[in-house]
Amino acid sequence: MFTCSRVITSLSRSFSTSSVNNAKVAVCGASGGIGQPLSLLLKQSPLVTQLSLYDIVNTPGVAADLSHMDTRASVKGYNGPDELKNALKGMDVVIIPAGVPRKPGMTRDDLFNTNASIVRDLALAIAEVCPKALVGIISNPVNSTVPIASEVLLKAGVYDPNRIFGISTLDVVRANAFIAEAKNLDPAQVNIPVIGGHSGVTIIPLISQAKPSVEFPADKLKALTERIQEAGTEVVKAKAGTGSATLSMAYAGARFALSLIKALNGEPNVIECTYVRSNVTEAKYFATPVLLGPNGIQKNLGFGKLSAFEAGLLEKAIPELKKNIQKGEDFVNK
Ligand code: NAD
Ligand code: LMR
């Protein structure tokens, strides 16, 4: 009886109605702290049919391990630069968590020197092999790595600003978790838009637009906002030199990747906050809620009405964002 019901559960998971479409997903940096649990969550989803795991080390082992799961996606590992193009061939979605993480005392911008060239080289391969893929970038500093990938694709003549995303979902996930905790709500029922960028003052949680609506005294609102802005550093400190957020990032990255796939499948009303090419502010790239569709961004939903406190946060964020964006663009163009 036990065995039978397990089989039925497994089958109904694999052939649920939302699994009729094909989605081929590559994870670049698949052997890392984020890459492994992210690949696990993607392998677990019935929405994924093919999982292509690329890294410069250890992918044969990670792929062999995940391939034993009784879920729908076929899994293949690709190891080292010689196998990169094969890893990307035919992919609908490419998620990039490749690159070094912070240690205590570092800013995300301190990762630029190492991670800029990693993202550039992956983007060069994407431009050649799967220029129509939807690309989600996790590698920090996101404020600069998204402009880097975009400039590479632009130079290659295949840039589509609707298809390149900085994954800032973890900021939303954290805001939801912290506000739910403060108000004793079910986090699954809370939604806080987070706009701007993905580092320190550029992270702008819009608590005035929380659903359900919540109120805090000014000092508590400031403290919560700062905790959301510095949440990455909170994890870096707690991990004491062994890295930054990996498990919560894998959760957030999987949520974003699956939203891209749902949109590719034609599901309506798929909305995520994400750092994208934007006309919403003077910063060329800016995170806002966007409506996702089969070709990536269907509509940038902007950020609506800000409270006076949030308008002040925005004012502080813009110069920092513009500097980060320029640095990324200069890396490719100078
Ligand atoms: P990690 O060191 O555990 O893993 C990184 C992986 O990238 C390693 O397996 C490494 O071999 C691989 N890699 C290195 N160079 C590569 C290349 N050229 N091609 C493919 N793979 C390559 O690091 P992590 O904890 O997984 O973090 C990865 C990145 O994600 C960091 O830059 C970190 O700052 C960033 N991050 C971003 C967010 C976000 O919210 N966007 C959250 C957490 C971490
Ligand atoms: C995060 O927000 O957790 C990531 O950007 C990693 C970091 O360096 O803080």
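Along the sequence shown, the residues carry numbers beginning at 1. Read the numbers this way: they start at 1 and go in the same order the structure lists the ligands and their atoms.
Annotation: side chain to side chain contact (heavy atoms under 4.5 Å, CB included) contacts of K76 (sequence neighbours excluded): Y78. With sequence neighbours excluded, the residues forming a ring pair (Phe, Tyr, Trp, His ring centres under 6.0 Å) with F331 are F112, listed by chain and number. Residues passing the ring pair (Phe, Tyr, Trp, His ring centres under 6.0 Å) test with Y275, sequence neighbours excluded: none.
Listed here is the closest heavy atom pair of V142 and G166: CG1-CA, 3.9 Å.
Between R255 and E272 there is a salt bridge, since a side-chain N of the basic residue sits under 4.0 Å from a carboxylate O of the acidic one. Checked for salt-bridge contact, K132 and D92 miss the test: no charged N lies under 4.0 Å from a carboxylate O. The existence of a salt bridge linking E329 and K284 is confirmed by a sub-4.0 Å separation between a basic side-chain nitrogen and an acidic carboxylate oxygen. Residues K222 and E226 are paired through a salt bridge, judged by an N-O separation under 4.0 Å between the basic side chain and the carboxylate.
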Checklist entry - Could you go step by step and tell me if K220 and E215 meet the salt bridge (charged side-chain N to carboxylate O under 4.0 Å, His left out) rule? => result CA-CA 10 Å; K220 178 77 177 161; E215 299 268 335; over 6 Å; no
Next on the checklist: The test is side-chain contact (heavy atoms from CB on, under 4.5 Å); show your working for L321 and Y285 and say whether it passes.
Outcome noted: CA-CA 8 Å; L321 264 178; Y285 297 82; over 6 Å; no
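Other residues, nucleotides and ligands contribute at most 12 non-hydrogen atoms within 6.0 Å of the NZ atom of K85. Around atom CG of N279, no more than 12 heavy atoms belonging to other residues, nucleotides or ligands sit under 6.0 Å away.
The side-chain heavy atoms of C130 and V94, taken from C-beta on, include a pair separated by under 4.5 Å. Within the 4.5 Å cutoff, side-chain heavy atoms of I179 are placed close to those of V214.
If you check which protein heavy atom lies closest to atom 42 (C) of ligand 1, you get M249 SD, 3.2 Å. Scanning the protein for heavy atoms near atom 4 (O) of ligand 1, the closest one is G32 CA, 3.2 Å. Closest to atom 3 (O) of ligand 1, if we only count protein heavy atoms, is G33 N, 2.8 Å. Atom 14 (C) of ligand 1 has its closest protein heavy atom at I56 CD1, 3.8 Å. Atom 31 (C) of ligand 1 has as its closest protein heavy atom V100 O, 3.1 Å. Of all protein heavy atoms, the one closest to atom 43 (C) of ligand 1 is A245 O, 3.3 Å. When only non-hydrogen protein atoms are considered, atom 8 (C) of ligand 1 lies nearest to D55 OD2, 3.6 Å. Here the protein heavy atom with the shortest distance to atom 25 (O) of ligand 1 is T246 CG2, 3.4 Å.
Geometrically, ligand 1 and H198 share a nitrogen or oxygen pair separated by less than 3.5 Å. Polar contact with ligand 1: absent for A98 (N/O pair, distance under 3.5 Å). For ligand 1, one of its N or O atoms has an N or O atom of G99 under 3.5 Å away.
Near L111, with a cut-off below 4.0 Å to any heavy atom, the atoms of ligand 1 are 34 (O). Of all atoms in ligand 1, numbered sequentially from 1 with element shown, those under 4.0 Å from a heavy atom of N140 are 32 (O), 33 (C), 34 (O), 35 (C), 36 (N), 37 (C), 38 (C). Distances below 4.0 Å separate heavy atoms of V57 from the following atoms of ligand 1: 11 (O). Close approach to V142 involves these atoms of ligand 1, each under 4.0 Å from a residue heavy atom: 41 (N). Of all atoms in ligand 1, listed by their number and element, those nearer than 4.0 Å to a heavy atom of P97 are 5 (C), 28 (C), 29 (C). Per-residue contacts place G29 under 4.0 angstrom from the following atoms of ligand 1 (heavy atoms of the residue considered): 7 (O), 21 (N). Listed by number with element, the atoms of ligand 1 under 4.0 Å from a non-hydrogen atom of Y54 are 19 (N), 20 (C). Here is the list of ligand 1 atoms found below 4.0 Å of a heavy atom in N115: 32 (O).
In this structure, OG1 on T225 lies 10.0 Å from CD1 on I192, to the nearest 0.5 angstrom.
A single hydrophobic cluster is not seen to contain both V201 and I228; linkage of ILVMFWY side chains at heavy-atom distances under 4.5 Å, directly or through other members, places them apart.
Contact shell of ligand 2 (protein heavy atoms, cutoff 4.0 Å): R102, R108, N140, L170, R174, H198, G232, S244, A245.
Look at G243 and you'll find every heavy atom at least 4.0 Å from all atoms of ligand 1.
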